[in-house]
Amino acid sequence: MLRKPLAIFMAWAVGVVSTSCLGEVIRDEGQAKYIPWSGYWWPFCEGGLLAPLRQYDLLTGKQAAEWEKRHGRTNPAAPRWHGYCHGQAAAAIMEPEPQHPIFVRTPRLRGGLEVSVGHQKGWLVACHTADLADVHGDRFGDEEGSEDPDDLRPDHLWHLLQLYVRQREVPVALDIEPGPEVWNYPVFRYEVIGEGDGENGLYRARLTLWMTDSSVSPDFVGSQIRKHSYLFTFTRREGAVVMGSGQWIGPSRFDHPDFLWYAYAVVPENPEVHYRLVKKLLQSGRTSGPEVNPPDVPPNQPGGTREGPPPDRPPASRPDQLVLSPQEFLALVTARRSSFKFDVTVDRFDGARYAPGDEFEIRGATAEPGYLYLFLLNPRSEITLLYPPAGDQQRVENEFQLPRQNEAARFHAPAAPGLYRLKAIITGKPIRIVGLGESVSTQAEANHGARPGGPDSHAQGQTLNWHPAAKTLMREVLTRYAKGEEMPLGVHVWNPEEVVGRFAQDEVAFYVYEQTTAAQSNTAN
């Protein structure tokens with residue numbers, strides 16, 4: 001929930017301008033003074049903030065957890081996207097990050113409680129669930145105001161990024177899903193590169209945004225970077241962008257941000273949650289580091305801006321992670337060319353047949369050493385990262401075989417029958433793909449068609465936690481790729497070599513056949 005005053009619009013001009021053999025080139029970028037931290041978004045179907053607020057209630061005597069239950073914030077039947085991503089985004093921008101468990105004692109509970117990093121962050125999220133904010137663009141699907149999914153035009157968004165991120169050096173929150181769902185993330189850096197014909201003033205541009213991810217565990221500490229890229233056109237005359245001329249193009253026509261907002265005053269939605277009390281609990285429980293005192297008044301904000309980073313927040317530096325946006329990932333995983341020779345196969349070779357649950361090995365050879373990534377594309381055009389294991393980076397060279405002797409994990413054929421494609425990519429630099437989530441073995445949707453204790457109990461890999469518009473694009477791109485068809489307009493714009501440097505790719509296909517009842521019985525025996 002966001003409470004918003006009337007937005008103010010300003011005239012603006014673009015940044016650095018140069019020329020090339022193809023036309024006039026415009027470059028503009030900005031970065032905030034600090035990078036917001038990553039935290040969990042507490043979905044209602046998993047109980048929302050119930051666990052951290054129960055500890056808060058024990059320490060304070062409040063009834064915050066009961067209020068959450070009465071108001072549907074702990075509903076197991078709630079859609080997966082219902083949660084507190086907006087509170088998480090605001091807290092990550094406005095508050096110092098809890099980085100260590102603390103022990104809190106209060107007059108009510110003198111014995112005290114140990115409060116985890118995740119529960120501390122949950123308290124802060126609860127404080128920011130109804131913040132006052134400057135909002136630009138209107139949420140699509142809430143049946144209020146504009147129901148135009150394109151009301152936040154790219155030139156307007158660019159202008160706002162200049163105003164907040166470049167000029168005031170503060171992060172902003174952004175809903176990146178144009179449909180009815182809301183996926184808020186804190187944005188701390190942007191880059192626009194445009195090229196156009198100086199004669200007619202029409203430019204084609206690419207906008208890249210860096211934000212912090214919420215696809216992390218509640219106790220995660222630090223900033224996991226998320227990156228998204230968009231294509232648009234705009235008109236420029238006499239050195240200035242013509243307001244309202246921006247148009248999303250290519251895949252970005254259907255996958256682009258919905259609204260941008262900047263919170264400037266802390267307001268909890270839950271009346272049992274008190275911001276000053278939460279800050280006092282956090283301060284009293286800190287055993288090291290500088291103390292943080294709650295402000296007496298909301299942050300100063302000329303026109304909606306906070307001056308400087310919050311206390312205890314380190315200054316921003318350019319992230320050194322090689323993070324791939326969904327668009328860059330799709331360009332890489334559908335590439336059919338390589339910078340050097342690379343071959344991969346399964347132990348029964350291309351076109352092999354496996355029964356559900358069969359164990360298999362992967363073999364390969366590479367002309368150059370690098371980091372290996374194995375993606376499994378299933379018959380429904382869904383993709384998982386099969387290797388390396390979560391949080392790991394694996395270099396290979398010359399000839400290799402997986403799993404290695406010292407690795408406990410094994411590869412097993414999925415339960416669902418059909419044609420599978422194993423896409424192998426090797427890069428000179430380690431990469432990270434935005435939105436990698438839990439192991440598929442922990443997700444109900446991965447057990448499609450599986451019996452309890454059956455072959456899918458061996459399911460493995462990581463799925464991609466992408467917003468609906470990006471998932472729709474992914475299915476279309478991967479379906480066309482599997483059929484050998486031309487990619488949708490705009491996907492070819494992202495050149496994998498420009499993003500990851502030298503890389504190589506190969507693919508092997510195998511079949512999983514459906515076991516008969518007799519075969520299943522024999523296997524069980």
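The analysis underlying the following values was restricted to heavy atoms, covering all of them including side chains, and did not include hydrogens, waters or symmetry mates. Note that the numbering runs from 1 along the sequence shown for the chain. Predicted model, so just to flag it, every value in this text is computed and none were measured.
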field: Stepwise side-chain contact (heavy atoms from CB on, under 4.5 Å) check, L402 with L374
entry: CA-CA 11 Å; L402 299 173; L374 301 176; 3.9 Å; yes
Worked verdict on Y56 versus H119 for side-chain contact (heavy atoms from CB on, under 4.5 Å): CA-CA 9 Å; Y56 168 82; H119 284 188; over 6 Å; no
message: Show, in sequence, the C-alpha distance, side-chain angles and deciding distance for R80 and E46, and conclude whether the salt bridge (Lys or Arg N to Asp or Glu O under 4.0 Å) test is met.
response: CA-CA 9 Å; R80 174 73 183 171; E46 294 181 359; 2.5 Å; yes
task: Verify side-chain hydrogen bond (donor to acceptor under 3.5 Å, both in side chains) between W158 and D28, making sure each step is shown before the conclusion.
output: CA-CA 9 Å; W158 182 10; D28 179 46; 2.7 Å; yes
query: Would D358 and R348 count as a salt bridge (Lys or Arg N to Asp or Glu O under 4.0 Å) if you check the C-alpha gap in whole Å, the side-chain angles of each, and the deciding distance to 0.1 Å?
result: CA-CA 12 Å; D358 277 357; R348 300 180 192 176; 3.7 Å; yes
message: Quick one, L324 with K227, criterion side-chain contact (heavy atoms from CB on, under 4.5 Å). Give me CA distance, side-chain angles, the key distance, then yes/no.
response: CA-CA 7 Å; L324 300 189; K227 179 182 176 186; 5.9 Å; no
- prompt: Given F232 and V192, is the side-chain contact (heavy atoms from CB on, under 4.5 Å) satisfied, shown in steps?
  reply: CA-CA 10 Å; F232 68 100; V192 173; 4.2 Å; yes
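Under the 3.5 Å distance criterion, the side-chain polar atoms of W123 are left unmatched by any main-chain donor or acceptor of G118. Between the side chain of E328 and the main chain of S325, a donor-acceptor pair closer than 3.5 Å is present. Between the side chain of T384 and the main chain of L386, no donor-acceptor pair closer than 3.5 Å is present. The backbone N or O of A89 sits nowhere less than 3.5 Å from a side-chain atom of Y84 that would complete a donor-acceptor pair. D57 contributes a side-chain N or O that, together with a main-chain N or O of A65, makes up a donor-acceptor pair within less than 3.5 Å. A donor-acceptor pair under 3.5 Å is absent between the side-chain atoms of Y387 and the main chain of G461, judged by distance alone.
For Q247, there are no side chain to side chain donor-acceptor pair (under 3.5 Å) partners, not counting sequence neighbours. Residues satisfying the side-chain contact (heavy atoms from CB on, under 4.5 Å) test with T472, not counting sequence neighbours, are R475. In terms of the ring-ring contact (aromatic ring centres under 6.0 Å, His included) criterion, residue partners of H467 (sequence neighbours excluded) are, by chain and number, H228.
A donor-acceptor pair shorter than 3.5 Å cannot be found between the side chains of D213 and S38. Using modelled atom types, one finds a donor on one side chain and an acceptor on the other under 3.5 Å when comparing Y354 with D347. No side-chain donor-acceptor contact under 3.5 Å links Y185 and D175. With hydrogens and angles left out, the side-chain atoms of S339 and E497 include a donor and acceptor closer than 3.5 Å. Counting only N and O atoms by type, the side chains of Y481 and E486 include no donor and acceptor under 3.5 Å apart. Inspection of the H128 and E95 side chains reveals an N or O donor paired with an N or O acceptor under 3.5 Å. A donor and an acceptor atom, one from each side chain of W41 and N184, are nowhere located under 3.5 Å apart.
A salt bridge is absent between R27 and E29; no separation between the charged side-chain nitrogens and carboxylate oxygens falls under 4.0 Å. With salt bridges taken as basic N to acidic carboxylate O contacts below 4.0 Å, one links E269 and R73. Looking at E195 and R204, no side-chain N of the basic residue comes within less than 4.0 Å of a carboxylate O on the acidic one, giving no salt bridge.
By the 4.5 Å heavy-atom criterion applied to side chains, T212 and R226 are not counted as neighbours. Contact of the M474 side chain with the L464 side chain is registered, since non-hydrogen atoms from C-beta on lie closer than 4.5 Å.
Checked against the 6.0 Å centroid threshold, F360 and F510 count as a close aromatic pair. Aromatic rings from F329 and F375 are positioned such that their centres are separated by under 6.0 Å.
The number of heavy-atom neighbours closer than 6.0 Å to CD of E399, taken from other residues, nucleotides and ligands shown, is 12 or below. Y511 OH: 12 or fewer foreign heavy atoms inside a 6.0 Å radius.
Contact record, A126 with L53: CB-CD2, 4.1 Å, taken as the closest heavy-atom pair.
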